[in-house]
Every structure is written in C-alpha cells, then in structure tokens.
Amino acid sequence: MTDPRSPGARMGAEGESARTATSTTKMKTPPTARTRRRRRITWTVASIAVLAVVGGAAVGAAALAGLFGSAAPAAPAVDTPFAVLDESGAAQASTTATGTALAAADYLAAQPTAYWLTPERDPIGSAGDRVTALAAEARAQHATLALVVYGLPERDCGNHSAGGLDVADYPVWVDEIAAALTAAPDVPAVIVLEPDSLALATECGNLDARVPQLRSAIDALQRPGTWIYLDGGHSSWHPATEQTRLLAAVGLDGVRGFSTNVSNFNAAADEFDYAHAVADALVAGGTGADHAHALIDTSRSGAGSNGEWCNPPGRLVGEASATLGDGVVDTNLWIKPPGESDGPCNGGPAAGQWWPDAAVELTRAVRR
C-alpha cells in the first residue's frame, strides 16, 4: 500500500489562494564545520570577557541578555540566524569520515538545521540537559535554536519511525524540555511540534487522542520568544481544507502556525502555494492571521519529489535555511537533517541513522 506521505498518494492541495510565493536569493556559502567551530569559540571567549568586565555571576545573566538586546525576539523570518549545532549527525560524522563522505559531512555540518528531540536519544532525565546545552550553543552564536519535539505515544503509527513515550510519560518529558527553555529566556527558539501527528491521524484513527496530547504540549512549551509550529503535512498529502480541519481541531491559540514538507521532498514553490491555501482556509474559519503562518522544510527539496517518501534516489539539498519567505511563510528551515535515513528502504539504514551515501548524493551539486 502506498504510504500517505508519498506525494503520489493524495490529490494536491486545493487552490484556495492564487497568490504566488515570493523568495529572496540571498544564498550564502556557509563556512566549513571547522571554521564554524573556531568562530563559535571566539564568540564564547568574547562573551565571557564581557561578563567578567561587568562583574560576577550575579550580573552575568543581565549582561548576557544585553548582548541580545532588550526588545522581544522577532518571529522567524528571512535572514533569521538559526543555530548550527555540534550535535548534528553531520557534525559527528565529520570527525571520522574521509574522502567524499567527509566533504559531504562537512558541508552539511555547517548548515543551520533543526535538532530532533526524541525520547530514544534524549529520555526523561536527560532531555532538559540536552536542551540546556543546545541553548548555550545558540546563545554563543547569537542565534535562534530550532528544535523538533518528536515523542508522541504511538509515534508514526508503527511505520519506520515508530516509538515514542507512553501516555503518562509524554507530558513529563515535554515539561522537562519546557523547563530548560524557560531557564534560557534570552535564547529565541522555534519548535516544530510532532511532525506527521495530525496529517497521519486520519490514517491511524487517533485524532481524538492526538488533540489533547498536542494541546497540552503547546500549553507547556509556550514562552516569550518561542514560536511553535504544528504539523501541516505537505502539498501532495491532504487537500488544504482537510489539513485545516485537523489543525483547527487542536486549536491555534499559543502557536505561530504550521510546518510543511517536513522530511519530504516537494519543491519550495509547491509548498508556498499550499501554505497560502491552508492559511487562507484557517483565517476564513476564524483563526487569527497571527496564528496562520508557515515554516517550510527545504532540506531535501532541491530536485523536487519523484513520488517516493522513503530515501528516494536522485534528490538534492534545497534552499538554505532562512532564505525564503513572504507574508504567510515566515521562512524556510532545514528541518529534516539531510544525510539521515528515512528508514530501511532503498538501501538505507534505520530511520534517523547517519547514511554517508545519502549525504554524498544530496550534496553532489553544492559541495566543493
């Protein structure tokens, strides 16, 4: 049976909006992973020096907040500096890879990419420490931290990314993540909340369970300077009106909007059209425009889709993070880390594992 995430498995998004997506062309060649780390060390030393001048731990927090300015962080947009994290699979691979695999890993390690919090990697008791460490990296770069929270009970409905926590433990884990974010009020954060949770709900028959789970996670994760995006599927999955119904079932209070194309391959232009259609339908249904913004995953959109969703061959990395946007689409972001497998299909390892062959193929048109 064709998986519903496949672009060929569903009719395209309905054409509620005739607006054309606009984009910028501010594509900058990122530094290598090693150069990036040197710059990070330089910034950290400078920050420590500032704190030493103003004197002591008692005033350190205020001084650090001053580095970020007193104004509330702006919502994500074109040119938002997203953090580049040493915890990425690409960064880890770059320490051991050789040859072409090293060139691919180094290129990907230098790209701002979201970090996926899962209970398998960061369980209860360590998830908070992980977020604290990631926030420190973002702070040192004067950047926005991008996180994916991915731990719902019965996650992925038994597919390649099956797992997650039980019903009782899920809110405990989310509260731990939320507490760590709250303890870093100077670090802006983007949270992509539970990809596929809504778009798969009709297939899995679990929307009634998903709604309170997502609602409680939203309530826990809200804080000034955090922007939450719910699962918005993608342009070749549900029609815009159906995806709007799923989003409205949860309610958009407390969120910025929805994410699209997460871990998929659709071209950015298609996702812009889809995002506008969903946003228009949300606003027409009574959702305020402030809660109907989109975040688009362009990590693997460079060649568009071939109709497969699991490790399709011939794909390319897409537009770099924070280079596209308009009045509805806040910006684009590399949400799915390129080079990590979708699952044991088309020759790939288990979902989420680093796959050097995929990294090499995805970067063939951009790496030196």
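A heavy-atom distance below 4.5 Å is not found between the side chains of T144 and V187. Looking only at side-chain heavy atoms (C-beta outward), P123 and T118 stay at 4.5 Å or farther from each other. Counting heavy atoms from C-beta outward, R155 and P119 have side chains that approach closer than 4.5 Å. Counting heavy atoms from C-beta on, the side chains of D326 and H276 come closer than 4.5 Å. Looking at E308 and P313, their side chains come closer than 4.5 Å, going by heavy atoms from C-beta outward. Counting heavy atoms from C-beta on, the side chains of V192 and L147 never come closer than 4.5 Å. At a threshold of 4.5 Å between non-hydrogen side-chain atoms, the residues Q213 and P153 count as touching. Residues L145 and L85 have side chains in contact (heavy-atom distance under 4.5 Å, counting atoms from C-beta outward).
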Does W237 form a side chain to side chain contact (heavy atoms under 4.5 Å, CB included) with D196? I'd like the steps, not just the answer.
CA-CA 11 Å; W237 196 342; D196 288 345; 3.4 Å; yes

Set out, in order, the CA-CA distance, both residues' side-chain angles and the distance that settles side-chain hydrogen bond (donor to acceptor under 3.5 Å, both in side chains) for H234 and N261, then state yes or no.
CA-CA 5 Å; H234 60 72; N261 209 39; 5.2 Å; no

Walk me through whether N264 and E271 qualify under side-chain hydrogen bond (donor to acceptor under 3.5 Å, both in side chains).
CA-CA 11 Å; N264 216 279; E271 294 304 304; over 6 Å; no

Determine whether R121 and E87 satisfy the following criterion, salt bridge (Lys or Arg N to Asp or Glu O under 4.0 Å), listing intermediate values before the conclusion.
CA-CA 11 Å; R121 182 178 182 182; E87 288 79 359; over 6 Å; no

Verdict with supporting geometry, D270 and S235, side-chain hydrogen bond (donor to acceptor under 3.5 Å, both in side chains)
CA-CA 6 Å; D270 294 335; S235 61; 5.1 Å; no

Residue pair D122, Y115: steps toward the side-chain hydrogen bond (donor to acceptor under 3.5 Å, both in side chains) verdict
CA-CA 11 Å; D122 301 304; Y115 178 90; 2.7 Å; yes

List the steps and the verdict of side chain to side chain contact (heavy atoms under 4.5 Å, CB included) for W354 and Q92.
CA-CA 9 Å; W354 181 253; Q92 298 300 310; over 6 Å; no

Step by step, work out the side chain to side chain contact (heavy atoms under 4.5 Å, CB included) result for V262 and Y229.
CA-CA 11 Å; V262 176; Y229 296 84; over 6 Å; no

Intermediate values then yes/no, side chain to side chain contact (heavy atoms under 4.5 Å, CB included), T202 and E242
CA-CA 10 Å; T202 54; E242 173 63 8; 3.4 Å; yes

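R364 places a side-chain N or O within donor-acceptor distance of the main-chain N or O of G314, the cut-off being under 3.5 Å. Put simply, the side chain of S216 gets close to the backbone of P212: a donor and an acceptor are under 3.5 Å apart. Put simply, the side chain of Q111 never gets that close to the backbone of P337: no donor and acceptor are under 3.5 Å apart. With S301 contributing its side chain and G304 its backbone, the two residues share no donor-acceptor pair below 3.5 Å. Panel note: side chain Q141, backbone V84; a donor-acceptor pair is recorded below 3.5 Å. For R300 (side chain) and S305 (main-chain N/O), no donor-acceptor pair under 3.5 Å exists by modelled atom type.
Side-chain heavy atoms closer than 4.5 Å link hydrophobic residues (I, L, V, M, F, W, Y) into clusters, and following such links, possibly through other members, connects L134 to V149. A continuous path of hydrophobic side-chain contacts links V366 to L362 [ILVMFWY only; heavy atoms under 4.5 Å]. The hydrophobic clustering, which links ILVMFWY residues whose side-chain heavy atoms are closer than 4.5 Å, places V360 and F265 apart. V211 and V278 fall within a single hydrophobic cluster, where Ile, Leu, Val, Met, Phe, Trp and Tyr side chains are chained together by heavy-atom contacts under 4.5 Å. Cluster membership for W355 and W334, using ILVMFWY side-chain heavy atoms within less than 4.5 angstrom, is not shared.
Residue T113 holds its OG1 atom at 7.5 Å from CG of L333, rounded to the nearest 0.5 Å. Here the CG atom belonging to L282 is positioned 9.0 Å from the CD atom belonging to Q243, to the nearest 0.5 angstrom. Here I191 contributes atom CD1 and S259 contributes atom OG; the two are 12.0 Å apart, rounded to the nearest 0.5 Å. Rounding to the nearest 0.5 angstrom, the gap separating the CG atom in D253 from the CD1 atom in I218 is 9.0 Å. Of the inter-residue distances, the one linking E154 atom CD with N206 atom CG reads 6.5 Å to the nearest 0.5 angstrom. Taken to the nearest 0.5 Å, the CG atom of L200 stands 11.0 Å off from the CG atom of L152.
Taking all atoms of both residues into account, the shortest heavy-atom contact from A101 to P356 is CB-CB, 4.4 Å. Pairing each heavy atom of S321 with each of P112, the nearest pair is OG-O, 3.0 Å. Across all non-hydrogen atoms, the minimal contact from R223 to A189 is NH2-CB, 3.5 Å. Considering every non-hydrogen atom in both A127 and I177, the closest pair reads CB-CG1, 4.1 Å. The minimum heavy-atom distance between F82 and A146, with the atom names listed, is CD2-CB, 4.1 Å. Smallest separation of non-hydrogen atoms from A249 and L207: CB-CD2, 4.4 Å.
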Only pairs under 3.5 Å count here: list side-chain donor-acceptor contacts from residues 285-297, not counting sequence neighbours, and write none if there are none.
{"from": "H291", "atom 1": "ND1", "to": "L252", "atom 2": "O", "distance (Å)": "3.3"}
{"from": "H291", "atom 1": "ND1", "to": "V255", "atom 2": "O", "distance (Å)": "2.8"}
{"from": "H293", "atom 1": "ND1", "to": "V328", "atom 2": "O", "distance (Å)": "3.4"}
{"from": "H293", "atom 1": "ND1", "to": "D330", "atom 2": "OD1", "distance (Å)": "3.2"}
{"from": "H293", "atom 1": "NE2", "to": "A289", "atom 2": "O", "distance (Å)": "3.4"}
{"from": "D297", "atom 1": "OD1", "to": "S299", "atom 2": "N", "distance (Å)": "2.9"}
{"from": "D297", "atom 1": "OD1", "to": "S299", "atom 2": "OG", "distance (Å)": "2.9"}
{"from": "D297", "atom 1": "OD1", "to": "I335", "atom 2": "N", "distance (Å)": "3.1"}
{"from": "D297", "atom 1": "OD2", "to": "S263", "atom 2": "N", "distance (Å)": "3.0"}
{"from": "D297", "atom 1": "OD2", "to": "K336", "atom 2": "N", "distance (Å)": "3.1"}

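Under the 30°/60° scheme for interplanar angles, the aromatic rings of Y170 and W173 are found to be tilted. Using bins of under 30°, 30° to 60° and over 60° for the plane-to-plane angle, the ring pair Y150/W116 lands in the perpendicular bin.
In summary, of the residues considered (N332, N266, T323), a side-chain hydrogen bond (donor to acceptor under 3.5 Å, both in side chains) with T298 occurs for N332 alone.
Using a 4.0 Å cut-off between charged side-chain N and carboxylate O, E176 and R130 make no salt bridge.
At most 12 non-hydrogen atoms from other residues, nucleotides or ligands lie less than 6.0 angstrom from CG of D208.
Here S341 pairs with N311 under the side-chain hydrogen bond (donor to acceptor under 3.5 Å, both in side chains) rule; sequence neighbours left out.
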